[in-house]
Amino acid sequence: MGMTISEKILAAHAGVEEVQAGDLINAKVDVVLSNDITGPVAIQEFRKLGVEKVFDKEKVVIIPDHFAPAKDIKSAEQCKVIRDFAREQDLTHYYEVGQMGIEHCLLPEKGIVAPGDLVIGADSHTTTYGALGAFATGVGSTDVAAAMATGEVWLRVPETIKVVLKGKPQNPWVVGKDVILSLIGRIGVDGALYQAMEFAGEGLKYLSMDSRFTIANMAIEAGAKNAIMAFDELTRDYVVGRVHKPYVYYHSDPDAYYVQEIEMDLGSLKPQVAFPHLPSNTRDIDQVGDVAIDQVVIGSCTNGRMEDMRTAAKVLKGRKVHPYIRLIVIPGTQEIYQKCIKEGIVDTVIEAGGVFSTPTCGPCLGGYMGILAKGERAVTTTNRNFVGRMGHPESEVYLASPAIAAASAIKGKICSPENL
Amino acid sequence: MTKYIGKVWLVGDDIDTDLIIAARYLNDASEENMKKHCLEDVIPNFIDKVQKGDILVAGKNFGCGSSREHAPFAIKAAGISCVVAKSFARIFYRNAINIGLPIVIAPEAVEGISTGDNIEVDVKQGFIYNSTTGQEFETETFPPFIQEIIEAGNLLNYVRNRVKSDG
């Protein structure tokens with residue numbers, strides 16, 4: 001029986017010829033990631049193991065991004081815990097404020113994750129690296145503690161759902177965000193529970209790397225264990241000059257087993273909006289109706305990349321943000337930030353009446369930099385619209401792409417750039 | 001311990017990690033802070049009402065969303081002895097096992113349980129007895145490898161034993 005990409009990566013890391021869905025394996029990890037929220041708990045647990053040193057200082061990655069630059073004293077204490085640990089362990093990949101970015105934007109950019117890698121991260125959006133053809137999945141702090149000590153993780157080999165993307169987007173504003181929101185709308189927030197989501201089909205070639213990162217990032221919102229995409233020319237172009245370690249890339253065998261196949265037509269896909277309070281609560285943009293808003297956030301590990309910034313600027317250029325709207329734009333990394341300065345995107349945002357922040361997860365999880373008051377509504381390019389996700393439990397979050405978010409900031413209600 | 005007897009708190013489908021413990025409290029991972037805010041946006045003042053040993057019963061996809069281990073930790077800190085659900089989101093599932101919070105998958109049982117019922121959950125034998133209604137249900141049991149972690153108490157004990165035996 002053939003294997004899928006996910007199965008091949010897991011077999012290679014478990015040191016066996018073959019694995020099958022349902023197998024429980026102990027696998028060697030290439031990257032163990034945590035952040036300023038999950039890292040301190042992992043470090044505390046790591047200490048309990050009585051192990052002096054992490055298994056490999058090149059492979060343990062810790063990024064302060066959630067509440068960093070520190071939002072308050074308690075957050076500063078948590079950042080200090082990971083900083084002290086990184087210095088003590090002499091970690092290669094610890095990035096201080098000034099070099100740091102949102103982890104899932106930063107790791108691919110720095111070439112820390114390579115195709116074929118096995119990555120675990122104490123952050124659910126670790127699935128992002130599937131866009132590079134890596135098996136990447138979210139785990140908890142205790143898993144990270146154990147892996148920092150042993151270099152291994154226990155995993156159940158997931159069944160794979162194949163998502164076949166057909167056609168080419170006809171709507172000029174359709175991007176990866178719309179693909180994944182539409183898919184989650186179809187299969188639900190547990191539609192891929194415990195399973196791998198493999199994206200295939202000729203439609204994939206019309207989706208940029210940044211769009212692919214967005215898709216893989218939000219696979220977790222359908223409950224998936226990981227997302228995976230086969231290595232192609234676009235992946236190659238992305239990793240050249242970034243990844244400096246040797247890597248192996250895989251393709252699924254023609255007779256690989258898929259638990260389910262889902263077809264998606266990109267040609268008829270319209271921009272999507274997920275209504276409160278689940279990412280599966282999606283509607284086509286023309287079915288949204290009259291939804292007045294108070295705030296717009298463009299950024300996060302889902303949509304804080306260069307393509308996202310450029311799209312937002314394209315919509316905002318020469319226009320003004322509605323006087324009742326607060327627009328907050330947050331690039332994912334310092335490299336993206338600098339490009340935004342050079343390309344005039346920062347000027348465009350400020351001239352439109354928005355703010356341009358340094359990288360942070362901040363508002364996405366209701367941390368800081370744009371918390372919502374009771375009854376307020378936001379359109380955001382982030383990944384979750386759960387109750388209280390961005391502030392008061394009675395506030396509302398609508399998820400959409402950067403184009404829809406930027407257009408909504410100008411109009412003061414949810415709309416497409418076509419309606420400006 | 002593999003048997004839990006307690007009073008039920010029933011919650012719905014897709015209870016996410018932000019509802020279990022909102023991110024706004026994650027700047028302080030102390031037991032006291034986690035406990036205080038556990039499930040507060042689902043059951044107002046939950047911590048004042050819950051009693052040690054109570055059992056949380058939930059619909060499908062319990063614990064979806066973030067990877068925060070703070071979620072099962074907060075539930076444990078609040079005094080909940082065991083969580084029964086129709087299904088669990090996968091990171092929550094492994095986090096609960098890794099930190100030693102007993103969890104049980106029992107879709108049929110959840111349909112036959114209400115808030116305030118007294119139930120008995122036998123994790124090892126795989127059954128739930130609702131002493132309020134007199135109904136009994138079978139539950140899924142864990143594969144042997146996961147059973148080993150559960151028996152070690154948590155993942156750290158399990159790993160510590162392995163690190164030691166590797167010498």
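Computed from heavy atoms alone, side chains included, the values below leave out hydrogens, waters and symmetry copies. Protein chains get the first letters and strands the later ones, always in sequence-line order, with residue 1 at the start of each.
Residue N35(A) does not touch chain B at all, counting heavy-atom pairs closer than 4.5 Å. For A29(B), the parts sitting under 4.5 Å from any heavy atom of chain A are the backbone and the side chain alike. At a 4.5 Å heavy-atom cutoff, the contact between P143(B) and chain A is made by side-chain atoms alone. Both the backbone and the side chain of D28(B) come within contact range of chain A, judged by heavy atoms closer than 4.5 Å. The part of L19(B) that comes within reach of chain A is its side chain, from C-beta onward, which places non-hydrogen atoms under 4.5 angstrom from that chain. For Q44(A), no part lies near chain B; criterion is any non-hydrogen pair under 4.5 Å. With a threshold of 4.5 angstrom between heavy atoms, I371(A) does not approach chain B through any atom at all. For V41(A), the part lying near chain B is the side chain, with the backbone staying farther off; criterion is any non-hydrogen pair under 4.5 Å. Contacts of N98(B) with chain A are made by both backbone and side-chain atoms, with heavy-atom separations under 4.5 Å. Residue L49(A) touches chain B through both its backbone and its side chain, counting heavy-atom pairs closer than 4.5 Å. For L156(B), the parts lying under 4.5 angstrom from a heavy atom of chain A are both the backbone and the side chain. Only the side chain of L193(A) comes within contact range of chain B, with at least one heavy atom under 4.5 Å from a heavy atom of that chain. With a threshold of 4.5 angstrom between heavy atoms, I120(A) does not approach chain B through any atom at all. Heavy atoms closer than 4.5 Å to chain B are found in the side chain of Q78(A), but not in its backbone.
Across Y368(A) and P69(A), no two heavy atoms sit closer than the pair OH-O, 2.8 Å. The two residues G191(A) and I161(A) make their nearest non-hydrogen contact at O-CD1, 3.8 Å. The two residues R384(A) and S124(A) come nearest to each other via the heavy atoms NH2-OG, 2.8 Å. Nearest approach of A85(B) to F62(B), heavy atoms of both residues: CB-CB, 4.1 Å.
Ranked by heavy-atom pairs under 4.5 Å with chain A, the first of V42(B), I99(B), D41(B) is D41(B). Chain B forms more heavy-atom pairs under 4.5 Å with one residue of R156(A), H125(A), K74(A) than with any other, namely K74(A). Between chain B and the options T137(A), V51(A), N383(A), heavy-atom pairs under 4.5 Å are most frequent for T137(A). With respect to chain B, the highest number of heavy-atom pairs below 4.5 Å among I73(A), D36(A), T38(A), L365(A) belongs to L365(A). Among the candidates A89(B), A23(B), C64(B), G65(B), the residue making the largest number of heavy-atom pairs closer than 4.5 Å to chain A is G65(B). When each of T150(A), D143(A), V189(A) is checked for heavy-atom pairs under 4.5 Å with chain B, D143(A) comes out on top. When D13(B), I146(B), D16(B), I149(B) are compared by the number of non-hydrogen pairs under 4.5 Å with chain A, D16(B) comes out ahead. Chain B forms more heavy-atom pairs under 4.5 Å with one residue of K225(A), H277(A), H66(A) than with any other, namely K225(A).
Between E77(A) and K80(A), no side-chain nitrogen of the basic residue sits less than 4.0 Å from a carboxylate oxygen of the acidic one, so the salt-bridge criterion is not met. For the pair K60(B) and D190(A), the salt-bridge criterion is met [side-chain N within less than 4.0 Å of a carboxylate O]. Under 4.0 Å is where a charged nitrogen must lie from a carboxylate oxygen, and between K86(B) and E111(B) at least one such pair does. Ionic pairing of R24(B) and E40(B) is present here: one or more N-O contacts between side-chain nitrogen and carboxylate oxygen are shorter than 4.0 angstrom.
There is a side-chain donor-acceptor pair under 3.5 Å between T302(A) and N217(A).
The aromatic rings of F88(B) and Y93(B) sit tilted, their planes meeting at an angle between 30° and 60°.
Evaluated for a side-chain contact (heavy atoms from CB on, under 4.5 Å) with V84(B), the options V8(B), L10(B), I128(B) yield exactly one hit, I128(B).
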Quiz item: Stepwise, does the side chain to side chain donor-acceptor pair (under 3.5 Å) test hold for Y129(A) with H104(A)?
Solution: CA-CA 8 Å; Y129(A) 316 125; H104(A) 308 308; 2.7 Å; yes

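In this structure, K71(A) is positioned above the aromatic face of F67(A), its NZ or CZ under 6.0 Å from the six-membered ring centre and within 45° of the axis.
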